[in-house]
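So the structure is just underneath, and the comments pick up after that.
Since the model is a prediction, treat every value here as computed from it, not as a measurement.
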Amino acid sequence: MSPCLCGYSGGFMIDMKFIRENAELIRKNLQDRGNKLNLDELLGMDEERRKLIKKAEELKFKRNVDSEKIAQLKKEKKDADALIKEMKEIGDEIKKLDGELGVYEKKVNDMLLLIPNIPDPSVPVSTDPKDNREVRTWGKKPEFDFQPRPHWDIGEALGILDLGRASKITGAHFAIYKGLGAKLERALINFMLDLHIDKHGYKEIWPPILVNRGCITGTGQLPKYEEDMYRCDLDDIFPIPTAEVPLTGFHKDEVLEEKDLPVYYTAYTPCFRREAGSYGKDTRGLLRVHQFDKVEMVKLTKPEDSDAEHEKMVQNAEEVIQLLKLPYRVILLCTVEIGFSARKCYDLEIWAPAQNRWLESSSCSNCGDFQARRLNIRYRKKDGKTELVHTLNGSGIALARTFAAILENYQQKDGSVIVPDVLKPYMGGVDVIK
RNA sequence: GGAGAGGUGGCCGAGCGGUUGAUGGCACCGGUCUUGAAAACCGGCAUUGACGCAAGUCAAUCGUGAGUUCGAAUCUCACCCUCUCCGCCA
């Protein structure tokens, strides 16, 4: 294993063996995900790599044996010059082979980091997003005796949202919350955190929101999605696109105790996304801003528990929306839609009546051992052996679209917005924003 | 940013050019003893890769990378991280 320049030190070589032995499975996975990676190129480079390993290792064996002979000769005060001369030549040859080998290892590793996780059998196989499966819906879409207005109109009119002025201080696609809008955002954050901490048993973490390349390569956003991230070039660190990165990377290179699993973490953080490739899409209001707030949930579990823990996590996210009394649906994503690191993913979408559409507000993924392998997070079992943990992450939930959904679902004819009951204690007695 | 000290197996901690993948302790697993447990004693206990049906053989790994050497945990250089002191700063 030779770590790449970024300080990434995960155990990706395990992957290569699996890929070699399950080439067709991987090929199908790439196809199902609509991924164009050239698997044959990878397999070919791996074969070259292994040939070089074999050659180099044979020579190293000889070097080790003869070095011991030299030590023995010297001990007996005998002449070892001839052998030393021969070893010098072998040493040069080894160096040459290792150099070649390094080139292939780097190529293989670079490509391995681009192989996505293998979906769970319960995931619908399709390259068409239409084949996402609606699992359940909750709540009733509100009916208005007036034409409901979109959140950007409501927010601007109430003076709680400023969607234009941010271009003066940052650029397009950034939002400013003002007055009771800022307070509502803060109320949502606190409400969600308290729910997950006090009722669902998560431990609150307040992490760095700048992360290094190794950590974010471990969670899988790199190397594939580098253009979607902001980067601090001078230090090669990145503002996080989601708190999943620091929360999952928290235990990088650690061996956990079995009795300590599962681990539940939650954190509020802002999230930063360049949204490259989506210019002109959802440009209005809060739908696709480059900085948004999110409360995130992360779990580290034993492999046999991850599916059940995943379902529980989805319910934890659903409860947020239920308590806010917003209509939503749960979607099981098909193969082309699930994230790079995920083997199964549910999206929660909240109804936005003025736009007559669903807004994706949470994504709950089971990543299996994919991230754990890249981050080298294991746990020690009763028999003393170590095994990779499973990692899960889910939004609990994303704020911007929830904020938008509240404005649209709770709007009244006079332009005011009723504060959802559960948020009232967090709003200092304000029950209507007007 | 400057000056020092240090980074060794799950943890602690020896080693400072030639069977050292690495003494020892703790933890963990198995056993003896015990009514049971503890203690004591005995044994086991790193990871990854290549080859192999397998048993296994070989290679690599002592922060990371490069160098010196026939041979490096041990010597040299660069970088990263941790700690202490100084400076700067919210």
Nearest-nucleotide 5' precedence on RNA chain B, A:D66 against A:V255: A:V255
If we take the P atom in both B:C12 and B:A27, what is their distance in whole Å? 15 Å
Taking B:G21 as the reference, what is the distance to B:C16 when you measure between their P atoms (whole Å, please)? 15 Å
Under a 3.5 Å limit for both distances, which nucleotide forms a Watson-Crick or G-U wobble pair with B:G18, could you say? B:C70
N or O in side chain of A:R50 less than 4.0 angstrom from B:C51 OP1/OP2: yes
Taking B:A50, B:C70, B:U47 as options, the one with an atom nearest any side-chain atom of A:R378 is B:U47
Would the number of heavy atoms belonging to other residues, nucleotides or ligands and lying under 6.0 Å from NZ of A:K424 be above 12? yes
Do the side-chain N and O atoms of A:D128 and A:S126 include a donor-acceptor pair separated by under 3.5 angstrom? no
First encountered from the 5' end of RNA chain B, between A:E257 and A:I84: A:E257
Euclidean distance, atom NZ of residue A:K381 to atom C1' of B:U47 [Å, nearest integer]: 16 Å
Regarding A:K74, tell me which of base, sugar-phosphate or nothing describes its non-hydrogen contacts under 4.0 Å with the strands shown. base
Any side-chain donor paired with an acceptor under 3.5 Å for A:E311 and A:Y346? yes
Under a plain distance cut-off of 3.5 Å, with no hydrogens placed, do A:H390 and A:Y379 share a side-chain donor-acceptor pair? no
Please check if any side-chain donor atom of A:T335 sits under 3.5 Å from a side-chain acceptor atom of A:D32, or the reverse. no
Hits for side chain to side chain contact (heavy atoms under 4.5 Å, CB included) against A:D98, two or more places apart or cross-chain, chain-then-number order -> A:A56, A:K60, A:I94, A:L101
Please determine if a side-chain N or O atom of A:K88 lies less than 4.0 Å away from the OP1 or OP2 oxygen of B:C70. yes
What integer distance in Å separates A:L388:CG from B:U47:P? 12 Å
Which nucleotide, if any, forms a Watson-Crick or G-U wobble pair with B:G24, using both distances under 3.5 Å? B:C12
Pick the C1' atom in B:A78 and in B:A22, then give their distance to the nearest Å. 27 Å
Selected nucleotide, minimal atom distance to A:A71 side chain, candidates B:G18, B:C70, B:C51: B:G18
What distance do A:H290 atom NE2 and A:H173 atom NE2 have between them, rounded to the nearest 0.5 Å? 5.0 Å
Let me know the distance between NZ of A:K95 and C1' of B:G71, rounded to the nearest Å. 12 Å
At under 4.0 Å between heavy atoms, how does the protein contact nucleotides 55-62 of chain B? Give one character per nucleotide, 5' to 3', with B, S or -. ---BSS--
Rounding to an integer number of angstrom, what distance separates B:G56 and B:C75 when you compare their C1' atoms? 37 Å
B:A59 - base-pair partner by Watson-Crick or wobble geometry, distances under 3.5 Å: B:U48
Across the strands shown, which category fits A:I70 at heavy-atom distances under 4.0 angstrom: base, sugar-phosphate, nothing? base
In the structure shown, which nucleotide is the Watson-Crick or G-U wobble counterpart of B:C89, with both distances under 3.5 Å? none
Report all interatomic pairs (protein N or O, nucleotide N or O of nucleotides 73-78 of chain B) with separations under 3.5 Å.
none

Can you find a side-chain donor-acceptor pair between A:Q315 and A:E319 that sits under 3.5 Å? no
Aromatic rings A:H196 and A:H200: how do their planes relate, parallel, tilted or perpendicular, breaks at 30° and 60°? tilted
Mate of B:C77 across any strand shown (Watson-Crick or G-U wobble, both atom pairs under 3.5 Å) is B:G65
Here the distance between atom C1' of B:U47 and atom CZ of A:R380, to the nearest Å, is 11 Å
If I take atom CG in residue A:D253 and atom P in nucleotide B:U47, what distance separates them, rounded to the nearest angstrom? 16 Å
Between A:K203 and A:T266, is any side-chain donor less than 3.5 angstrom from a side-chain acceptor? no
Protein-nucleotide distance (A:E105, atom CD; B:G65, atom P), rounded to Å: 12 Å
Short side-chain donor-acceptor distance under 3.5 Å, A:N316 and A:Y202: yes
Using atom P of each nucleotide, how far apart are B:U8 and B:C83 to the nearest Å? 14 Å
Whole-Å C1' distance, B:A73 and B:G15: 8 Å
Just how far, in rounded Å, is P of B:A27 from CG of A:L256? 20 Å
Separation between the P atoms of B:G9 and B:C88, rounded to whole Å: 38 Å
Base-pairing mate for B:C83 - Watson-Crick or G-U, with both contacts under 3.5 Å: B:G4
C1'-based separation of B:C41 from B:A50 [nearest Å]: 42 Å
Is A:R49 paired with A:D46 through a side-chain N to carboxylate O contact shorter than 4.0 Å? yes
Roughly how many Å is it from CD in A:E48 to P in B:A50, rounded to a whole number? 15 Å
